[in-house]
Amino acid sequence: MNINIPRELAAQAVIVLAVCIGAWIAVVKPRAAELVQLEQTISESSSSLNSMSPETVENLQRKIASVQKRVAQVKLHNQLADDSSRLYGLVMDLADEHRVQVQRLQPGLELKKANAESQFAAMKLDLTVEGRYEAVAAFLEQITNLEAFIRPVSLQITPTTVDGTPTATAEFGCEVLSFALAEPLMGVKAGGADGQP
Amino acid sequence: MKTKTIALGLVLDRIDILLCHGDRIVAGRRVDIAFDADTGAWSETVKGAARQVRAAVAELKGNGLPAFVFYRSPTECSEYAGLNFRSADEAQQAAILACADSLSYPLDVACCQALVLGRDASGSPRQNHVVVAADRDDAIGAMAEMVEEAGLKFRWAAPLDAVIISSFAKMVMQSSEPPIGHLYIGEHRSFFVIGGAGNILFARPISIGINALAASLRRPLRPISGNQTIELDRKSAQAILHEHGFPERNQVVDQERGLTGAQIIPLLQPLLQRFIVELRQSLRFGMPENQRQSVSLMICGPGSAIPGFASVMGDELHLTVNCDPKYAAFDFTKPATGGSEMADAVAQRKPLSVLGLLPQRVAKDRQTNRLTRWLWTGAATALLLIGADAALFNCRLEFARQEAQAAQARTDDVKTLQASGERLFAAISAMNSLETAIQRETSGSINLRACLQELSRLTPESVRLTGISFHHAEGRTNGHVAGYALGTQTSGSRTQLEPFIEQLRHSPLFEKVVLANVQAGVLGDMPGQRFEANFIGVSTPRHAPAIAAAGSKGSTGGATP
C-alpha cells in the first residue's frame, strides 16, 4: 500500500520534529551538559581528596610544631643582640654571681652583614674583668652560654695580684649575632601545644 | 463490551436497516426501493434513499452510530480464486489482477480488496484460496454519501456476495469432516463448494438464487378455474415460494387465485433443472468418480428453507442432502430475521472487514487523519518523554549540585591545606638555610672554661704562665701561652717545660701544640726558661639551646653536652 503523505502533513511533521528537537536542545541538553560538568568536578575532588591522607596531615602538623618552636628559639636568641642594655645587665649579674670585677664593658657598633646569603648582624662586645682564675673561667663560660648567639673572638688572660691576692685579668672580646628570619619564617607564629598552623 | 452498529443491506429491491449489538441483529427496518440496473441511475437512487434511511435509523434510535453497508450493485465484482502461490501476498495480488480483467471499468477508478481465506492443509498442489471484492469508486462514494446524509458514520461497504462467499468457503475449509459438497443458496446467487478437513477441492458460483426462482413464478400462468392468465407480483411470488416451495401437484398454493402445485411446478422446473445440471457438472469436475456417488450434500443459506427444495435436489442428484437447521427460521418478510444473508454477513463482519471498500477520497482522508493522529500522538509522546527526561535530569542535577558543593568545600579545605603545606615546606627550607648559617657562624668555638681549667691542671708548679690568649679566626681558635719554666735546685738546668708541653699535646682540648720560643730568663730571682707555646683549641659542639623556662633572665641552665 502506497502511503501518500499530503504536503501539509509533511510540513506539520517537519515542524513537530523541529519543535521536539528544539525542546530537547533547550531543555534537556543544557541539563545533561551541566550534569556531566558536575560529575567531572566531583570526580576531580575525590581524586584530590585521595592525595591528602590523614597521615600527610599529621606529618604536616608535626613539622609545623617543630618549626614554630625553632623560630621562637631563634627570635629569643636574637633579642639580646638588639638590646645592649639587657646584655649589660646580664653581664653585670653574672659578674656579681661569680665575684669578678668588670673593669671595662664596651658594646661595639653593629658590624655589617657578614654574609649576604644568610642575613645576620653581629654586635661586638669587649669587656675586661678581674678576679680569681676559676671565677673568671666560670664567668666566661656563662657569658658564652647565654641565651643568645655569642661567638667568642678573643681572650687574653694575664695573671696579676690585687691586694696580695693572685688574680687574673681577662680581656674578652666576642660577637653577639642576630640572624634575620627569611620571609617564609616571618609568617610562622608560635602555635599551641598541638602545633596548629 | 459489544458496540452498537448499524448494518445496511442494499439489495436489488430494498434497503434493510439493522441495529446490531456486536455480531447479533437486535432490530431492523426495511425500506422498499427498486434499484435500477443502470449504474448512474443506481447511484442516484442510492443517494435519494437517504431520507427514508434516516427515518428508519431514527426509529431504531441509531443516529450517529457507525454504519457498515453490504450491498449488490450493477458494477460490483465478487470473485473467488484458488491460486497456486506459496505467498499469500502474491496470491492476493494475482487475484486482484485477475479480477481486473473482468471489470467493465479501468482499475484506476475502482476500489479493490482481496482476502486470503487460507491455504490447503494437504494435497498437491496446495492452493491459496482468495476472494476479491471490487466496485467503482463513485458507487462506493454514493453509498458513503447516503449513509452520512442518513445521520450515520460510514465505515465501509462490502459486496454482499463477496462476504457470503468468504464466510461460506471459510466455514467449509475449517470443517474437520471429510470433504463433502456444500451448497449455499442465496437470494441472488448460490455457491457450491466441495471441501473439508482444511481443503477446498472445488468451488464455483451458480447464478441462480431465490430471486430467480421467485422471478420464474411471475411468468404468466393459468389458474385451474378461469381462462385468464395471471401474473403474480413479486411479493406474492416470494410468499408462494417461501411458503410452499416445491409443492405437490395437487397442493393448493394460493386459494384466492386458485393456484396449485400443478401450475407452479412447470414454472420452477426449468430453473431447477438448470440448477441440477450445474451441480451435477460441478460434482463431475470436483470429485473423483468413485467418490461422486457417496458424497453427501449440505445445503445452507436462506434458500435451504424453501420447502421441498432439498428433497427435490436429493432425488435428482441421487445424493444424501441435509439442510443446515440454522436457516430454518428464515422469514423473507422480516429484515431482522435469522438465517438471512444479512445475518450471515453481520456475524462475519469483523473477520471479513478486509473486504470493506472505501471511496478513494474517504480512504485518503482517513489515511491523512490516521497519519495526523500518529504525528500528534508521537509529538505528544516525544514531548512527554522530553519533559520526563528533563525532570529526571533535574532530580539528578539537584543531587549532583549538592554533592559538588560539598566536594568543592572539601576541595577548598584540601587546597588550603596544600597551600599551608607549601608555605610550611618553604619555611622548612628557610629554616634549614638558617640552621646552616647558625651552625657555620657559631661552630668552631672552644669551651673556654674547660681550656682554662685544663691549662691550670696541666701547668706544674715550676711553670708560671704569664699570659694566656685565644683568638678565633677563620673557623678555628688559636691559643697562645707564655710563661716561665723555672728550674729547681735538684734538676739543675732542666725544667718541667718539656713535660708540660707534652701533656698539652696529650690533652684532648688542644692540638698542634708547638713550642714556639724558649729563652733563658729570670722570673724574680729564680732562673728559668722563658717560653711561648702555640696550639689550636679543639672545638666543642654547641648544645641546642634549651627552651627558656618561664621567668628566666636568660641565665645558663643549658644542658651540658
Side-chain angles (χ1 to χ4, degrees), chain A residues 3-6 9 12-13 16 20 23-24 27-28 31-32 34-35 38-39 41-42 45-46 48-49 52 57 60 63-64 67 70 73-74 76-77 80 90 93 115 118 120 133 137-138 140-142 144-147 149 151-159 177 179 182 184-185 187-188 197, chain B residues 364 367-368 371-372 375-376 378-379 382-383 386 389-390 393-394 396-397 400-401 403-404 407-408 410-411 414 417-418 420-421 423-424 426-431 433-434 436-438 441-442 445 447-449 452-453 456 465-472 477 545 547-548 553-556 558:
Chain A
I3 299 178
N4 297 319
I5 301 177
L9 186 63
Q12 288 178 2
V16 164
C20 290
W24 186 85
V27 175
V28 176
R31 285 171 170 76
E34 188 184 347
L35 186 65
L38 287 173
E39 285 175 349
T41 303
I42 291 168
S45 169
S46 298
S48 70
L49 280 175
M52 187 59 62
V57 173
L60 275 177
K63 286 180 181 174
I64 286 170
V67 169
R70 187 62 182 137
Q73 286 172 358
V74 170
L76 185 64
H77 280 61
L80 214 55
L90 287 173
D93 289 342
N115 191 335
S118 168
F120 72 94
Y133 184 83
L140 293 176
E141 185 192 36
Q142 295 301 314
T144 56
N145 286 338
L146 287 175
E147 284 217 354
F149 297 112
R151 178 169 63 189
V153 177
S154 63
L155 174 63
Q156 176 76 38
I157 296 182
T158 308
L177 305 178
F179 291 91
L185 296 174
V188 177
Chain B
K364 192 177 176 183
Q367 188 186 66
T368 303
L371 289 174
T372 305
L375 174 66
W376 290 110
L383 290 173
I386 288 172
D389 208 13
F393 267 112
N394 272 346
R396 291 175 63 186
L397 268 177
R401 281 188 192 124
E403 203 174 324
Q408 187 63 36
R410 289 195 296 270
T411 302
V414 169
L417 204 57
Q418 284 175 339
S420 299
R423 287 198 298 273
L424 174 65
I428 289 174
S429 176
M431 177 56 70
S433 298
L434 180 62
T436 302
I438 292 173
E441 299 301 328
T442 59
S445 298
N447 191 323
L448 288 173
R449 182 179 183 180
L452 291 175
Q453 285 181 336
S456 172
L465 299 178
T466 59
I468 302 170
S469 65
F470 295 92
H471 185 74
H472 182 84
T477 305
I547 299 172
K553 291 183 181 177
S555 59
T556 61

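Per chain, numbering begins at 1; letters A, B, ... match sequence-line order.
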If one checks every heavy atom of A:E39 against chain B at 4.5 Å, the contacting part turns out to be side chain
dist A:R31:CZ -> B:N394:CG (nearest 0.5 Å) comes out at 4.0 Å
When the 4.5 angstrom heavy-atom criterion is applied to A:L177 and chain B, the contacting part is side chain
To the nearest 0.5 Å, atom CZ of B:R396 lies from atom CG of A:L38 at 11.0 Å
Is B:L465 close to A:Y133 at the side-chain level, that is, under 4.5 Å between some pair of heavy atoms? no
In terms of heavy-atom contacts, A:C20 and B:A382 come closest through SG-CB, 3.8 Å
Closest heavy-atom pair, A:V28 versus B:A390, reported as atoms and distance to 0.1 Å, is CG2-N, 4.2 Å
Residues B:A430 and A:L185: closest non-hydrogen pair is CB-CG, 3.8 Å
What one should report as the nearest heavy-atom pair of A:L35 and B:A400 is CD1-CB, 3.7 Å
So, the part of A:T41 with a heavy atom under 4.5 Å from chain B: the answer is side chain
Taking the side chain as every heavy atom from C-beta outward, state whether A:W24 and B:D389 have any atom pair closer than 4.5 Å. yes
Taken to the nearest 0.5 Å, the spacing of B:I438 CD1 from A:H77 NE2 works out to 8.5 Å
Honestly, the part of B:T372 sitting under 4.5 Å from a heavy atom of chain A is both
Whatever's closer than 4.5 Å to a heavy atom in chain A on B:L424 counts as side chain
d(A:Q12 CD, B:L375 CG) to nearest 0.5 Å is 6.5 Å
When rounded to the nearest 0.5 Å, the distance separating CG of B:L452 from CD1 of A:I157 is 4.0 Å
In short, B:T466 meets A:T158 closest at the heavy-atom pair O-CG2, 3.9 Å
Closest non-hydrogen contact found for B:L448 with A:P152 is CD1-CB, 4.4 Å
If one checks every heavy atom of A:A182 against chain B at 4.5 Å, the contacting part turns out to be side chain
Hits for salt bridge (charged side-chain N to carboxylate O under 4.0 Å, His left out) against B:E403, two or more places apart or cross-chain, chain-then-number order -> none
- Task: Using atom types as modelled and distance alone, determine if a side-chain donor or acceptor of A:R151 lies under 3.5 Å from a backbone N or O of B:E441.
- Result: yes
The interface call for B:S456 against chain A, heavy-atom contacts under 4.5 Å, is both
Honestly, the part of A:V16 sitting under 4.5 Å from a heavy atom of chain B is side chain
Distance col, row A:L155:CG vs B:S469:OG, nearest 0.5 angstrom, shows 8.0 Å
